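Following: one structure in structure tokens, then a few remarks.
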Amino acid sequence: MSGTSAVAADGRLAAYDFGPDRPFQAGRLDAGLSLLRAAKVLDEDDLLAFHPAADADLELIHDRDYLEALARFSAAGAAPADPVEATRFGLVGDNRPFPGMDQAARLVAGATMAAVDAVAAGDLAHAFAPVAGLHHAQRRRAVGFCLVNDVAVAIARCTRAWPLRVLYVDLDAHHGDGVQAAFYDDPRVCTVSLHETGRYLFPGSGEVHELGRPPGTGRSVNVPLEPRTGDDGFLAAFDAVVEPLAAAFRPDLLVTQNGCDGHADDPLSDLTLSLRGFRELARRLHKLAHRHCQGRWVATGGGGYDLDRVVPRAWALLWSELSGRRLPSRVPSAWLATRPAPAQDGPSGWLEPRQRRRRGSAGPGARELEERNQRTVRAVRRLALPPSVRVVYPLARRAGGAAAGRLPGWEPRAGEHRSAGGPLVLRDRTPASLLRRLEVDPGIHAFVRDPDQEREVLARIAEEPTGEVVVAHTPEGMVVGYVAVLDPEPGTRFASLPGLLEVGAIEVATGWRRAGVASALLRFAVEPDPFEDLILIASGLSWHWDLDQSGLSAVAYRRVLGRVFEAAGFETLRTDEPEIAYHPANLFVARVGSRVPPARRAAFTSRLLRGHHAMP
Ligand SMILES: [Zn+2]
Ligand SMILES: [Zn+2]
């Protein structure tokens, strides 16, 4: 092994082949690896050794009778002889058995396992398993060319061996349904899939509201995108969701499925991405791995069915990013000469074929689909990201200058709170410059590991033109809690009401909880004002709450939080907002100032409240 990256693939994987009349065929391995070799970015030393996966590994994800069926139907003629059994396990149609398929599937899983094991153990920083990412395979069923779920097997094995938290990012045009299902209730594995909406595309799932099951609720995230989304739309959705999600989840290991079947030339989907888009995505994933996972990153090849022009280039761009090897300026002509005629005469740029403007792509329909994607992304953010994370990773820079709805009282104030843990200084309108001089208690671990970074997070909120940070710190200058108040995220139902502010986050360091700090901070931050002309709201989804050490259930925690807000003059309300209303442990509170004009109050009530709940 040379360097810190490796490729987990060799010629044995060519056996994973559904035949020349199926899009998933052996040619993809040779087409891809031969280009890496021709471009001189891959040596024999770069190849990671691997073995076929054993029963014990596959059984972490698959049922034994399914594995037995895979072995049985690997023999030529076995499936036609028993069509009922073959159908039961999905071994028909796209997944029609081929001789030796059992061993081939075990090799794919073995390659991914070796890649994940080597990175998790620290032997490699990054690894690439090109013939891998069979993300549709289910517990006891083959689906969409996927016989075994190699990614799920490798992740399950690694989380069993080490106490790691794994972030799985699936960029394939199709929903990563099998991996999502494998970890739907597992809080240690967070799966996020960006894909073409299931309204039009196989497998039909991957809706925004598929969020996981306790204790893994909120750890399944889906961003279904419209056909013809294109590079810009896809990258915007990635930026709005994946980076903040990583910040919130704090993973130890990044595993990605880099399927390139979203390419405009791919026969199976209509996302109209280009190789430039895939290169950008690889760069972002690489940065994310170093920022949040100490660099640990395993990429898998996933889908992609244009074997002459798209798949080999996409793999080369991904491997170049991951390994740091520079590609030559052009695709080597010697390699092009080995390809079939149309590719042979085609362009030799790495980013060819370029994204073509499809007929009608700039018309009114383009605006409509962009808006649909934005609505989807906003819904995903509200559901998947805790408020404090949304504050730090805003969807758009908030409008600056004369903030229409700042809290009354422009002069910074300081106050005092005598807590059981000792005296605390309360301070509002804390400027970023002061926050950067204070220390942050390591018990505040909202979304980074390092207290220095947490301090930077607070400073960044304070720098938002309409954001405000109110802190509680010890006389020695250690921040033990904060409240953030801000304009609601643009485009939400809350943002459309003038004069409405959101309490976006309340955080108290673990060692200082149950000492009345949260109540004191909130009362100080939004001190009731008899002349108030603002509507203040706060909403909380149960899985955003850090219940790990509290020993409370979500419903009990909601009561505690409701009391904290009630002490500051808020009322717990029932809302129509579907993202809050659909779970009883979610919380919605509001305080409507006495000077709020009646029309505005009525708009708030009719737009956000359920039934005829009396307002103060
Ligand atoms: Zn796919
Ligand atoms: Zn790196």
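None of these values were measured; they are calculated from a predicted model. Atoms within each ligand, like the ligands themselves, are counted from 1 in listed order.
The structure places CG of Leu281 at 11.5 Å from CG of Leu275, a figure rounded to the nearest 0.5 Å.
The Zn ion (ligand 1) has His174 among its coordinating residues (N/O/S atom, backbone or side chain, under 2.8 Å).
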### Query
Please walk me through it: do Arg325 and Leu36 pass side-chain contact (heavy atoms from CB on, under 4.5 Å)?
CA-CA 10 Å; Arg325 312 271 170 85; Leu36 296 183; over 6 Å; no
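The Zn ion (ligand 1) sits nearest to atom OD2 when only the N, O or S atoms of Asp261 are considered. The name of the N, O or S atom in Asp172 nearest to the Zn ion (ligand 1) is OD1.
Angle NE2(His286) to the Zn ion (ligand 2) to NE2(His126), rounded to 10°: 100°.
By the 6.0 Å contact criterion, CZ on Arg139 is enclosed, its count of non-hydrogen atoms from other residues, nucleotides or ligands being greater than 12.
Partners of Glu321 under the side-chain hydrogen bond (donor to acceptor under 3.5 Å, both in side chains) rule, at least two apart in sequence or in another chain, are His286.
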